> 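Input: one structure, supplied below.
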Amino acid sequence: MQTTQTTLTRQTPRSTDDLKDRRPQPSRTTRREADGMAVASFVLGLVGLLVFNVVLGPVALALATLALARGTTRRGRALLGLTLGAADLIILATLATTDHTLSWSLGS
């Protein structure tokens, strides 16, 4: 009985520059857009604490998530936007359950 043996060879790139060329790099405009989304999510989340939290909360959450996914350099601002967007929705739920309304009431 005769057995054949095959060997697999793995081709490796000649240098690490070949690997860098294969990975997609985010462009400068994509990163700038992600930074803008991070700032916008922070501002919208902050404003949403006072007015229109039913709209601004989810928008802040979506923008912060997109900014983080696109690799923003303003990661802290995006995380704040994410936190404030969640706080908007928590305040909305609290107002809806206690006052049976979707708005602030300062008086009686």
Side-chain angles (χ1 to χ4, degrees):
M1 184 175 211
Q2 189 178 24
T3 61
T4 55
Q5 189 175 25
T6 57
T7 58
L8 298 174
T9 58
R10 195 171 119 195
Q11 293 180 342
T12 58
R14 291 184 203 112
S15 67
T16 57
D17 292 335
D18 291 342
L19 288 176
K20 289 179 185 176
D21 293 338
R22 292 181 187 171
R23 285 183 279 179
Q25 297 294 325
S27 67
R28 181 176 282 178
T29 56
T30 303
R31 190 152 305 217
R32 188 175 301 145
E33 288 173 0
D35 290 347
M37 285 181 194
V39 172
S41 71
F42 171 70
V43 171
L44 291 176
L46 197 59
V47 172
L49 289 174
L50 300 174
V51 293
F52 298 122
N53 52 359
V54 69
V55 175
L56 297 180
V59 171
L61 286 171
L63 285 175
T65 304
L66 281 173
L68 289 171
R70 292 184 181 184
T72 182
T73 57
R74 297 179 183 215
R75 185 171 169 79
R77 208 110 343 126
L79 291 173
L80 276 172
L82 198 65
T83 304
L84 288 171
D88 291 347
L89 295 179
I90 290 170
I91 287 174
L92 175 68
T94 304
L95 286 173
T97 56
T98 58
D99 291 347
H100 303 294
T101 183
L102 297 178
S103 64
W104 293 96
S105 63
L106 298 175
S108 36

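None of the values given here were measured: they were computed from a predicted structure.
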> Under 3.5 Å, is there a donor-acceptor pair between the side chain of D88 and the main chain of P58?
no
> What's the shortest heavy-atom distance between A87 and L49, and which atoms?
CB-CD2, 4.1 Å
> Stepwise, does the side chain to side chain contact (heavy atoms under 4.5 Å, CB included) test hold for L84 with L44?
CA-CA 8 Å; L84 288 171; L44 291 176; over 6 Å; no
> What is the minimum heavy-atom distance between A64 and S41, and which atoms define it?
N-CB, 3.6 Å
> Give the minimum heavy-atom separation between A60 and G81, together with the two atoms involved.
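Scanning both residues, the minimum pair turns out to be CB-O, 4.0 Å.
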> Looking at OG1 of T83 and CZ of F42, how far apart are the two atoms once the value is rounded to the nearest 0.5 Å?
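So the gap between those two atoms works out to 10.5 Å.
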> Of all heavy-atom pairs between A38 and A67, which one has the smallest distance, and what is that distance?
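Closest approach of A38 to A67, heavy atoms only: N-CB, 3.7 Å.
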> Are I90 and L79 joined in one hydrophobic group, where the rule is that I, L, V, M, F, W and Y side chains link up if heavy atoms are under 4.5 Å apart?
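No, separate clusters.
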> Quick one, T72 with M37, criterion side chain to side chain contact (heavy atoms under 4.5 Å, CB included). Give me CA distance, side-chain angles, the key distance, then yes/no.
CA-CA 9 Å; T72 182; M37 285 181 194; over 6 Å; no
> As an exercise, state the distance from CG of L61 to CG of L66, rounded to the nearest 0.5 Å.
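The CG atom of L61 sits 11.0 Å away from the CG atom of L66.
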> If you compare all heavy atoms of D35 against all heavy atoms of R74, which two are closest, and at what distance to 0.1 Å?
OD1-N, 3.6 Å
> If you compare all heavy atoms of T97 against all heavy atoms of T94, which two are closest, and at what distance to 0.1 Å?
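Residues T97 and T94, closest heavy atoms: OG1-O, 3.1 Å.
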> Report the distance from atom CG of L56 to atom CG of L92, rounding to the nearest 0.5 Å.
11.5 Å
